[in-house]
Amino acid sequence: MVHEAFLYHAWMPASVAIRYAKLALKMAETINSIRWLSYSFGTLGKLSTQTEQKQAYFQKALGFAQSIRASDIAYQWQQQLGLIYQKQGKTELAIQNYNAAIANMTEVRDSVLSTNGDLQFSFQSEMEPTYRNYMRLLLRSPNPDLKRVIQINEGLQIARLENFLRCGKLDLVALNQLQNLKSAPTVIHIIDLGDTIEVIAQSTDASLHHHSINSKLVRFQIDHLLEALQNENFSEVGESSITTSSQGIYEKLIAPIKTYLPPSGTLVFTLDKSFQSIPMALLYDGKHYLIEHYSIAETLGSRIRQPRFLHQNQMIALIAGLSKVSPSSTDPNAPKNMDNLLPSKQEIENVEKQTLSSVALLDNKFTLKRFKEELTQNNFPIVHITTHGQFSSDPLKTVLVAYDKLINIRDFDSLIRGKTENSQDAIELLVLSACETAKGNKQSAMGIAGMAVQAGARSTVATLWRVEANSTALLMQEFYKGLNNGLPKAEALRQAQLSLLSNPKYKKAYYWGGFLLVGSWL
């Protein structure tokens with residue numbers, strides 16, 4: 001009966017729900033259940049319309065939860081109190097409660113994830129608003145604690161990724177904790193707080209610089225660019241349509257922090273929400289694309305595996321791909337409208353020539369069983385897959401197309417789990433060629449980060465849209481040439497993209513702009 005009282009208020013009139021909640025409170029007092037006392041007062045707090053009364057109920061609910069160290073209950077009331085104090089302008093009290101709520105949520109998530117990955121919160125509704133409200137509160141300060149904002153955003157993005165993967169704690173390192181780097185990269189954090197877009201630039205000397213803009217001033221350009229990039233006829237979209245939108249984004253978000261950026265080098269972007277599906281290389285200053293000045297890497301939540309150069313003696317690859325439509329194309333989760341990828345054969349041959357040794361699985365040799373055997377029985381610092389694939393915010397629709405069946409993101413985890421248990425650095429470079437993000441899914445690039453993490457890859461190169469096969473084969477040839485010449489991965493990719501940009505046949509953004517490097521830039 002106590003439990004039922006907490007369910008009725010979701011659909012009954014408020015007066016009826018309050019009556020049931022008070023009944024539940026009396027029953028909780030009768031049986032002396034501290035947990036149900038906490039739930040009862042918390043429920044009354046949610047139902048109350050008077051701020052002072054709400055606050056009093058939540059404080060009582062929190063007191064009972066804390067008395068039995070029930071972090072799974074306490075965070076709910078700390079969230080509510082933080083929101084009340086924020087509206088009242090009591091900043092310090094709001095910060096205290098948001099801090100405590102996030103700490104308790106993290107403790108509960110860690111416990112849940114370590115025992116059963118399927119037992120997860122409804123993250124979108126339960127947790128994410130608290131992170132974003134907390135960042136809003138911090139950024140409204142005359143002297144905002146930008147370091148703390150970055151930490152909160154990092155926690156939010158990693159929690160989103162773990163929730164997406166339904167996995168345990170990810171073995172990743174924060175960018176500001178990386179060791180043995182000859183030089184620190186410039187990091188640009190783009191955080192979408194709904195009403196504002198926040199940009200925080202971390203210079204190579206670790207100084208932080210903040211720019212905020214009303215999202216209404218840039219949202220149209222973001223949506224317009226995303227729509228163009230995910231258009232099935234993107235190859236026919238006029239270049240001016242792309243540059244107009246990308247220039248608008250550049251002017252609103254990057255130009256205000258330009259003085260804090262080096263004239264060249266590497267930029268590492270930590271991107272939020274729909275920005276993850278926009279290649280930063282495409283941002284345009286009116287004369288040049290960003291890729292013409294900088295090599296670019298992206299992270300999710302400013303956490304990666306410890307960067308490390310790919311040495312020439314590590315140019316050993318497992319190469320797999322499809323050049324024609326396979327039996328697996330009939331799977332309901334397969335990407336739509338798949339064509340033959342005849343140039344994939346040439347791409348595989350090009351990669352083979354650029355490696356010290358390799359194993360190639362083409363067409364009917366690229367079966368799930370054979371792929372798994374090669375991965376588990378041999379050591380391949382490079383795994384290169386050229387096949388149709390799709391990245392989505394739905395894990396089951398984040399897939400690679402093998403000959404006999406699809407490999408979804410959870411299958412990928414089981415494929416390499418044995419390797420990563422024996423060696424944390426089993427894959428130095430994962431290349432996913434000819435894949436695309438799911439149409440109309442603004443956060444589908446989450447699947448790229450998820451695939452990279454599941455592979456245990458230090459660096460991942462992937463495509464945001466279904467790129468043209470001949471130009472991709474050429475780009476990959478140049479990319480591996482750069483790696484063989486000792487270039488860092490991000491710079492090798494940049495040079496390969498510039499080789500297409502300088503080619504009259506392939507200068508349109510459609511051919512070179514969709515390639516992302518996620519993770520280590522070295």
Side-chain angles (χ1 to χ4, degrees), residues 310 314-331 333-391 398-409 411-412 414-416 419 426-436 451-452 454-455 457 460-463 465-481 483-484 493 496 511 514-515:
L310 181 68
Q314 293 178 299
M315 297 294 289
I316 301 169
L318 172 61
I319 313 167
L322 297 179
S323 65
K324 55 190 178 183
V325 176
S326 66
S328 58
S329 63
T330 59
D331 190 294
N333 286 325
K336 307 304 180 187
N337 303 317
M338 289 191 292
D339 299 320
N340 290 329
L341 289 171
L342 297 178
S344 290
K345 185 176 181 180
Q346 185 62 52
E347 181 177 331
I348 288 174
E349 291 175 359
N350 290 345
V351 175
E352 282 186 288
K353 291 175 183 177
Q354 299 288 343
T355 59
L356 288 176
S357 66
S358 60
V359 172
L361 307 177
L362 178 63
D363 293 332
N364 60 1
K365 293 182 180 178
F366 179 25
T367 63
L368 180 59
K369 179 182 179 183
R370 178 74 187 279
F371 185 64
K372 182 174 182 179
E373 287 175 351
E374 293 292 346
L375 270 180
T376 54
Q377 294 175 13
N378 300 292
N379 182 30
F380 294 104
I382 299 172
V383 175
H384 185 111
I385 305 173
T386 173
T387 181
H388 287 293
Q390 180 174 266
F391 303 114
T398 293
V399 297
L400 300 175
V401 181
Y403 181 79
D404 57 337
K405 58 180 64 179
L406 302 185
I407 304 172
N408 69 41
I409 196 167
D411 295 330
F412 211 78
S414 66
L415 285 175
I416 53 80
K419 295 289 287 185
I427 298 177
E428 291 289 332
L429 173 64
L430 172 66
V431 179
L432 304 172
S433 176
C435 299
E436 62 182 321
M451 192 71 80
Q454 294 291 56
T460 298
V461 172
T463 51
W465 55 79
R466 194 178 300 182
V467 287
E468 199 268 343
N470 288 299
S471 59
T472 299
L474 180 60
L475 181 140
M476 288 300 169
Q477 182 177 350
E478 294 300 313
F479 174 58
Y480 281 95
K481 279 184 182 179
L483 294 177
N484 268 317
L493 181 59
Y511 295 103
F515 294 87

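- Considering CD of Glu374 and NZ of Lys365, their distance stands at 11.0 Å, rounded to 0.5 Å.
- Counting heavy atoms from C-beta on, the side chains of Leu474 and Tyr511 never come closer than 4.5 Å.
- The side chain to side chain contact (heavy atoms under 4.5 Å, CB included) test applied to Lys369 returns Thr367, Glu373, not counting sequence neighbours.
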Under 3.5 Å, side-chain donor or acceptor atoms of residues 316-324 against the rest of the protein: list the pairs with distances, not counting sequence neighbours.
unit_1: Ser323; atom_1: OG; unit_2: Asp363; atom_2: OD1; d: 3.2
unit_1: Ser323; atom_1: OG; unit_2: Asp363; atom_2: OD2; d: 2.7

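- Using a 4.5 Å heavy-atom threshold, the side chains of Asn333 and Asn408 count as separate.
- Looking at His388, its side chain does come within 3.5 Å of a backbone N or O of Asp339 through a donor-acceptor pair.
- Shown here for Ala334 and Ser329, the closest heavy-atom pair between the two residues is CB-O, 3.6 Å.
- The shortest distance between side-chain heavy atoms of Thr386 and Thr472 does not fall below 4.5 Å.
- Take Ala496 and apply the side chain to side chain contact (heavy atoms under 4.5 Å, CB included) test, not counting sequence neighbours, and it matches Leu475, Glu478, Phe479.
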Pairs of donor and acceptor atoms involving the side chains of residues 351-359, under 3.5 Å and at least two apart or interchain, shall be tabulated with distances.
unit_1: Gln354; atom_1: OE1; unit_2: Asn484; atom_2: ND2; d: 3.0
unit_1: Thr355; atom_1: OG1; unit_2: Glu352; atom_2: O; d: 3.0

Take Leu362 and Lys345, measure what side-chain contact (heavy atoms from CB on, under 4.5 Å) needs, and give me the verdict at the end.
-> CA-CA 7 Å; Leu362 178 63; Lys345 185 176 181 180; 3.9 Å; yes

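- Smallest separation of non-hydrogen atoms from Ala473 and Pro343: CB-O, 4.3 Å.
- Every residue two or more places apart in sequence or in another chain that forms a side chain to side chain contact (heavy atoms under 4.5 Å, CB included) with Asn364 is listed here: Tyr403.
- Here the closest non-hydrogen pair linking Met338 and Val325 is O-CG2, 3.7 Å.
- Under the 4.5 Å side-chain criterion, counting only non-hydrogen atoms from C-beta, Val467 is in contact with Trp465.
- Closest approach of Ala402 and Ser326 over heavy atoms only: O-OG, 3.4 Å.
- The one candidate from Thr387, Leu406, Ile409 that meets the side chain to side chain contact (heavy atoms under 4.5 Å, CB included) condition with Val399 is Leu406.
- Atom CD1 of Ile407 is separated from atom NZ of Lys372 by 11.0 Å, given to the nearest 0.5 angstrom.
- When atom types are taken as modelled, the side chain of Asn340 and the backbone of Leu342 share no donor-acceptor pair closer than 3.5 angstrom.
- Looking at every heavy atom in both residues, Tyr480 comes nearest to Met315 through CD2-CE, 4.0 Å.
- Of all heavy-atom pairs between Ser433 and Thr463, the closest is C-OG1, 4.4 Å.
- The shortest distance between side-chain heavy atoms of Phe366 and Leu400 does not fall below 4.5 Å.
- One distance of note links CD of Glu428 with OG1 of Thr460; it measures 11.0 Å at 0.5 Å rounding.
- Every residue meeting the side chain to side chain contact (heavy atoms under 4.5 Å, CB included) condition with Lys405, not counting sequence neighbours, appears here in chain and number order: Leu368.
- The distance from the CD1 atom of Ile382 to the CD1 atom of Ile427 is 11.0 Å, given to the nearest 0.5 Å.
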